[in-house]
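Written below as structure tokens is the structure these notes are about.
Here is the naming used below: chain letters follow the sequence lines, and residue numbers restart at 1 for every chain. Nothing here was measured: the structure is a model prediction, and the numbers come from that model.
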Protein chains: 2
Amino acid sequence: MVNRFPVTPRTTITDVALLAGVSKATVSKYLSATDYYVSEKTREKIESAIKELNYYPNALAQGLSSRRSYAIGVVVASITNPFYPELVAGVEEVIDPAGYTLLLGTSAENSDKEADVVRTMIQRRVDGAIVASATMRDGSVQKLVNAGINVIVASRELARPLVDTVVIDNRLGGRMAAEHLRGHGFGRAVFLSGPLDVLAFRQRFEGFRSVYREADSAVHLARTSELAEATEAAFGLLRDLPRPSAVFAANDTLALGLMTAAHTLGLRIPEDIALIGFDDIWVGRIPGVSLTTVDSRARQVGAVAAGMLAERIGRHPGESRNARKPPERHVLAPQLIVRGSCGCS
Amino acid sequence: MVNRFPVTPRTTITDVALLAGVSKATVSKYLSATDYYVSEKTREKIESAIKELNYYPNALAQGLSSRRSYAIGVVVASITNPFYPELVAGVEEVIDPAGYTLLLGTSAENSDKEADVVRTMIQRRVDGAIVASATMRDGSVQKLVNAGINVIVASRELARPLVDTVVIDNRLGGRMAAEHLRGHGFGRAVFLSGPLDVLAFRQRFEGFRSVYREADSAVHLARTSELAEATEAAFGLLRDLPRPSAVFAANDTLALGLMTAAHTLGLRIPEDIALIGFDDIWVGRIPGVSLTTVDSRARQVGAVAAGMLAERIGRHPGESRNARKPPERHVLAPQLIVRGSCGCS
DNA sequence: CTGAAAGCGCTTACAG
DNA sequence: CTGAAAGCGCTTACAG
């Protein structure tokens with residue numbers, strides 16, 4: 001077979017071995033650093049050969065051979081929803097120093113894309129995956145697990161405890177928001193939410209309802225929690241009579257939608273409507289927004305998830321069935337962030 | 001050699017070939033779809049074997065063998081700066097249907113991380129890279145190119161036209177903002193900027209200065225364009241006497257910093273200070289923010305960059321020297337988005 | 001349309 | 001501490 005590829009050949013481990021006057025095996029051992037010892041003299045020879053040849057080991061070959069890709073997949077619903085970049089930053093923070101590369105997958109609303117992402121992660125043989133997309137079905141997570149991938153579910157939960165999970169206490173968060181509103185003297189409040197089949201929303205609602213019970217509480221739903229949809233839903237809510245004087249939004253984007261709709265209708269916040277959101281995306285800190293909210297600690301959730309994943313991978317390198325250790329559940333505490341939109345200041 | 005890895009073996013192309021009663025080569029041809037023809041009968045046999053065995057081709061092996069990883073690297077400065085997710089979304093939009101996987105790299109401020117990202121992209125043998133980090137040095141881009149990777153620089157420029165570039169016309173954008181401010185009757189305005197060694201900032205400034213000339217114009221610098229630093233710098237600016245009544249910020253985060261500082265000092269926007277930003281991050285649409293700004297079209301920039309990259313890769317599969325076609329330059333037009341902060345409404 | 005065989009660039013027991 | 005050789009799971013000319 002001659003000249004299969006008419007391209008500039010890259011330098012390989014063989015070139016390095018030749019120049020250093022040692023075997024490929026020895027170069028490989030030098031590269032892996034930890035596991036094997038290499039004498040000082042050969043180490044030096046190898047190092048200078050690598051430098052001279054400007055050699056970069058081929059990660060595909062390494063992965064194929066060692067059955068370890070040093071890649072981890074992160075799947076989020078949408079990268080433009082500011083909650084997710086924050087979580088991804090948390091993941092990166094810990095994954096990065098550990099030498100892993102991040103494959104980003106977006107599941108969108110779309111179930112085709114969801115299937116694509118799952119397939120991609122499996123085919124690329126990621127060492128682990130962090131699934132942080134609220135819209136991803138449990139079956140998709142199951143597929144990853146079946147394929148032998150270590151997976152951690154972050155900022156959401158599965159119906160059955162299939163894998164490690166890291167979440168905040170959403171019920172508590174909902175309760176905190178509701179109690180704060182009640183503390184302002186509001187006898188009635190409305191919960192503005194995305195679809196209630198998203199567990200986090202449902203739990204926040206439960207927390208809310210533990211304070212505003214029965215007839216006193218009401219829910220108003222948006223189809224999704226995109227700003228446009230949220231605004232649309234908020235218009236509906238604000239035209240309902242009697243108009244609520246206090247609203248707890250299931251996340252900050254929904255809260256911003258409410259702000260937008262209120263503004264258009266000439267209603268002021270907090271004077272006409274007191275508002276609390278959920279997540280604490282950075283936008284809320286801007287003076288003109290000044291959103292009181294519950295911090296869902298996206299960054300920490302990401303970091304903790306990455307830490308748990310790294311531990312799993314360490315325990316089961318290559319393909320595992322997640323078998324040894326039973327699924328763990330890490331619960332972080334939410335935190336009320338008081339700013340202007342609730343009427344405190 | 002017996003039992004090298006005590007792990008559940010995954011199903012391989014050999015298993016599929018065996019079950020389907022054909023050779024690995026034929027299965028491979030079926031998998032590649034486009035290039036080869038496979039008879040209807042064998043196609044069916046292969047398909048059912050794949051389904052029965054739940055087979056997923058190993059992308060590492062495919063990449064090693066074909067010298068095509070179907071991965072593209074995207075490097076941004078910071079994923080939590082809302083400008084970048086928007087650009088990444090644009091990239092994804094076109095990369096995704098084309099079957100590429102996105103490797104995300106963050107260069108941060110840190111030049112160690114920058115080197116890591118470059119190394120990672122090279123070792124993983126990405127088919128191409130999109131560099132959108134304003135803080136990444138030209139030398140790093142050069143390294144990628146030297147390693148035979150197709151690279152597109154997005155939303156920034158290199159000193160020398162080394163690779164394809166997609167940018168907006170920053171000078172024009174700066175001019176549009178300045179002219180709008182001048183149209184409001186402001187005889188003097190200040191340019192609030194990040195470091196002027198970032199070309200985009202410098203060009204925006206040039207556009208600004210083409211309207212507010214010489215003594216009339218002034219610059220005020222922030223160390224970075226993080227919100228906290230921006231706010232800090234804005235305090236300085238607002239305490240300068242005479243206090244400017246119009247500010248053009250080099251990007252929206254800087255503008256938000258100015259809003260924050262102004263609010264703290266009891267200054268109103270636009271009554272006391274008219275403000276225009278740059279980028280049009282979605283936050284500006286929120287009523288309480290209502291930021292007049294210049295749309296830098298992050299999403300389109302990302303999409304166009306991805307398109308150019310796909311074309312390069314198609315032309316030079318595997319390792320190329322980006323040689324054949326000279327570097328291209330794609331310039332998009334910025335667009336003024338008028339909202340409340342400039343005093344228009 | 002299909003298959004045999006070499007090769008992609010590494011790693012890893014095993015033997016020394 | 002070092003090396004020979006097999007193997008990781010694919011793809012691709014080449015021949016039929």
Side-chain angles (χ1 to χ4, degrees), chain A residues 1-18 20-46 50 53 55-70 122-125 317-319, chain B residues 1-18 20-46 50 53 55-70 122-125 317-319:
Chain A
M1 198 171 310
V2 189
N3 190 20
R4 288 174 67 211
F5 302 97
V7 290
T8 329
R10 299 220 205 193
T11 108
T12 71
I13 198 171
T14 306
D15 303 318
V16 174
L18 245 44
V22 298
S23 72
K24 295 189 305 178
T26 302
V27 177
S28 174
K29 279 156 196 159
Y30 164 83
L31 251 27
S32 79
T34 26
D35 298 2
Y36 297 94
Y37 277 84
V38 174
S39 78
E40 193 53 41
K41 261 179 76 175
T42 58
R43 174 184 308 278
E44 280 166 13
K45 286 189 296 182
I46 293 173
I50 286 178
L53 295 173
Y55 169 67
Y56 291 92
N58 182 326
L60 279 63
Q62 290 180 310
L64 177 59
S65 194
S66 69
R67 293 161 161 282
R68 203 113 150 45
S69 64
Y70 274 100
I122 297 177
Q123 294 193 173
R124 299 225 169 239
R125 302 297 193 258
E319 22 221 321
Chain B
M1 197 173 314
V2 188
N3 190 22
R4 287 174 67 211
F5 302 98
V7 290
T8 330
R10 298 219 205 194
T11 108
T12 71
I13 198 172
T14 306
D15 302 320
V16 174
L18 245 45
V22 299
S23 73
K24 296 189 306 178
T26 302
V27 176
S28 175
K29 278 156 195 159
Y30 164 83
L31 252 26
S32 80
T34 26
D35 298 2
Y36 297 94
Y37 277 86
V38 174
S39 79
E40 193 54 42
K41 261 177 78 177
T42 58
R43 176 185 306 280
E44 280 166 11
K45 287 189 295 181
I46 293 173
I50 286 178
L53 295 172
Y55 169 68
Y56 292 91
N58 183 325
L60 279 61
Q62 290 181 310
L64 176 60
S65 195
S66 70
R67 291 160 162 281
R68 204 113 150 43
S69 65
Y70 274 101
I122 297 177
Q123 295 195 171
R124 301 227 169 237
R125 302 299 193 254
E319 21 222 323

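Distance from the side chain of B/S28 is smallest for D/dT12 among the nucleotides D/dG9, C/dC10, D/dT12. Residue A/Q62 has its side chain nearest to C/dC10 when only C/dT12, D/dC10, C/dC10 are considered. When distances are taken from the side chain of A/L64 to each of C/dC10, C/dT12, D/dG9, the shortest belongs to D/dG9. In the set C/dT2, D/dG9, C/dC10, C/dC10 carries the atom at the smallest distance from any side-chain atom of B/R125. Distances from the side chain of B/P57 to the nucleotides D/dT11, D/dC10, C/dC10 place D/dC10 closest. For B/T26, the listed nucleotide lying nearest its side chain is C/dG3; candidates were D/dA5, D/dC10, C/dG3. Distances from the side chain of B/S66 to the nucleotides D/dT12, D/dG9, C/dG9 place D/dT12 closest.
The partner of D/dA13, taking Watson-Crick or G-U wobble pairs whose two distances both stay under 3.5 Å, does not exist in any strand shown. Base-pair partner of C/dA4: not found among the strands shown (Watson-Crick or G-U wobble, both distances under 3.5 Å).
Residues B/G21 and B/K24 both approach DNA chain C. Their nearest nucleotides, taken by heavy-atom distance, put B/G21 toward the 5′ side. For the pair A/I13 and B/S23, nearest-nucleotide mapping onto DNA chain C gives the more 5' position to B/S23.
Between the base of C/dG7 and the side chain of B/S65 there is a donor-acceptor pair shorter than 3.5 Å.
Within the model, atoms OG of A/S69 and CG of A/L60 stand 10.0 Å from one another, a figure rounded to the nearest 0.5 Å. Here A/Q62 contributes atom CD and B/Q123 contributes atom CD; the two are 6.5 Å apart, rounded to the nearest 0.5 Å.
Annotation: side chain of A/T12 is not in contact with side chain of A/N58 (no heavy-atom distance under 4.5 Å). Taking the side chain as every heavy atom from C-beta outward, A/L31 and A/I46 never approach each other to under 4.5 Å.
For D/dT2, one of the phosphate oxygens OP1 or OP2 lies less than 4.0 angstrom from a side-chain nitrogen or oxygen of A/S39. In this structure, A/Y55 reaches the C/dC10 phosphate: one of its side-chain N or O atoms is under 4.0 Å from OP1 or OP2. At C/dG9, one or more side-chain N or O atoms of B/R67 fall inside 4.0 Å of OP1 or OP2 (strictly under the cut-off).
In this structure, A/N58 places its CG atom 16 Å from P of D/dC10, rounding to the nearest Å. Between A/L60 atom CG and C/dC10 atom C1' there is a gap of 10 Å when expressed in whole angstrom units. The distance from atom NZ of B/K29 to atom P of C/dG3 is 8 Å, rounded to the nearest whole Å. Rounded to a whole Å, the CG atom of A/D15 is 9 Å from the P atom of C/dG9. Look at CD on A/Q123: it is 15 Å from P on D/dG9, rounded to the nearest Å. Atom CD in A/E40 sits about 11 Å away from atom P in D/dT2, given to the nearest Å. The CG atom of A/L18 sits 17 Å away from the P atom of D/dT2 (whole-angstrom rounding). The OH-C1' distance, from B/Y56 to D/dC10, rounds to 18 Å in whole Å.
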inquiry  = Is there a side chain to side chain contact (heavy atoms under 4.5 Å, CB included) between A/Y30 and A/V22? Walk through the geometry before answering.
reply    = CA-CA 11 Å; A/Y30 164 83; A/V22 298; over 6 Å; no
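No donor-acceptor pair closer than 3.5 Å links the side chain of B/S28 to the backbone N or O of B/K24.
For D/dG16 and D/dT12, the C1' atoms lie 16 Å apart once the distance is rounded to whole Å.
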